[in-house]
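These notes concern the structure reproduced below.
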Amino acid sequence: MTETIKFKGSASDGVIRTYEKQATDINGLNIDIKNKKIVVYTIKIKNRIYYINKDVFFEALEKLKNLNLHDINFG
């Protein structure tokens, strides 16, 4: 069974769309704090970066855990 993740997010064009992607295609997850108070969550899938909300970020993290991946580096 392949894990999928559905989310609303925006790519570099800034337009919010609904996406459905395979969890195995995730290349990275990132939390960035701007001006010490704004938190920005991003997910990188097949070398494209999407801006997502906190719930989607933690859902993706949970699905990665379910895939039993090892040696993951989110640097």
Side-chain angles (χ1 to χ4, degrees):
M1 182 177 103
T2 305
E3 294 269 2
T4 61
I5 181 165
K6 293 181 185 178
F7 62 95
K8 282 189 176 185
S10 65
S12 59
D13 60 6
V15 178
I16 296 174
R17 295 181 180 88
T18 302
Y19 298 94
E20 182 173 353
K21 303 287 186 179
Q22 301 295 321
T24 54
D25 292 339
I26 296 173
N27 298 98
L29 292 167
N30 188 43
I31 299 174
D32 192 19
I33 300 173
K34 307 273 186 187
N35 299 325
K36 298 182 182 178
K37 57 186 168 184
I38 299 171
V39 181
V40 179
Y41 298 92
T42 57
I43 187 169
K44 187 176 181 182
I45 300 175
K46 289 193 172 182
N47 296 320
R48 290 196 69 191
I49 296 173
Y50 302 92
Y51 295 90
I52 56 175
N53 67 27
K54 176 179 72 172
D55 296 333
V56 173
F57 178 88
F58 288 106
E59 178 188 342
L61 195 59
E62 186 69 26
K63 292 203 182 214
L64 286 177
K65 182 183 86 169
N66 292 341
L67 291 173
N68 280 330
L69 300 176
H70 301 284
D71 297 327
I72 300 172
N73 181 10
F74 293 114

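In this text, all values refer to a predicted model and were calculated from it rather than measured experimentally.
Here ring-ring contact (aromatic ring centres under 6.0 Å, His included) pairs that include residues 5-33, with residues two or more places apart or in two chains, are Phe7-Tyr19, Phe7-Tyr50, Tyr19-Tyr50. Sorted by first and then second residue, the salt bridge (Lys or Arg N to Asp or Glu O under 4.0 Å) pairs with a member in residues 14-24 read Asp13-Arg17; sequence neighbours excluded.
The distance from the OG1 atom of Thr42 to the CG atom of Asn30 is 4.0 Å, given to the nearest 0.5 Å. Taken to the nearest 0.5 Å, the CG atom of Leu61 stands 6.0 Å off from the CG atom of Leu29. Atom OG1 in Thr24 sits 11.5 Å away from atom CD1 in Ile5 (nearest 0.5 Å).
In this structure Lys34 satisfies the salt bridge (charged side-chain N to carboxylate O under 4.0 Å, His left out) test together with Asp32, sequence neighbours excluded. Residues forming a side-chain contact (heavy atoms from CB on, under 4.5 Å) with Asn35 (at least two apart in sequence, or on another chain): none. Looking at residues two or more places apart in sequence or on another chain, you find a side chain to side chain donor-acceptor pair (under 3.5 Å) between Glu62 and Lys65.
As a member of the Ile/Leu/Val/Met/Phe/Trp/Tyr network built from side-chain separations under 4.5 Å, Ile49 groups with nothing else and remains a singleton. Taking Ile, Leu, Val, Met, Phe, Trp and Tyr as members and joining any whose side-chain heavy atoms lie under 4.5 Å apart, directly or through other members, the hydrophobic cluster of Ile38 also contains Val40, Tyr51.
Taking every heavy atom of both residues into account, Ala60 and Ile26 meet most closely at CB-CD1, 4.1 Å.
Among Asn53, Ile31, Asp55, the one residue that satisfies the side-chain contact (heavy atoms from CB on, under 4.5 Å) test with Tyr41 is Ile31.
Within the 4.5 Å cutoff, no side-chain heavy atoms of Ile43 are placed close to those of Val56.
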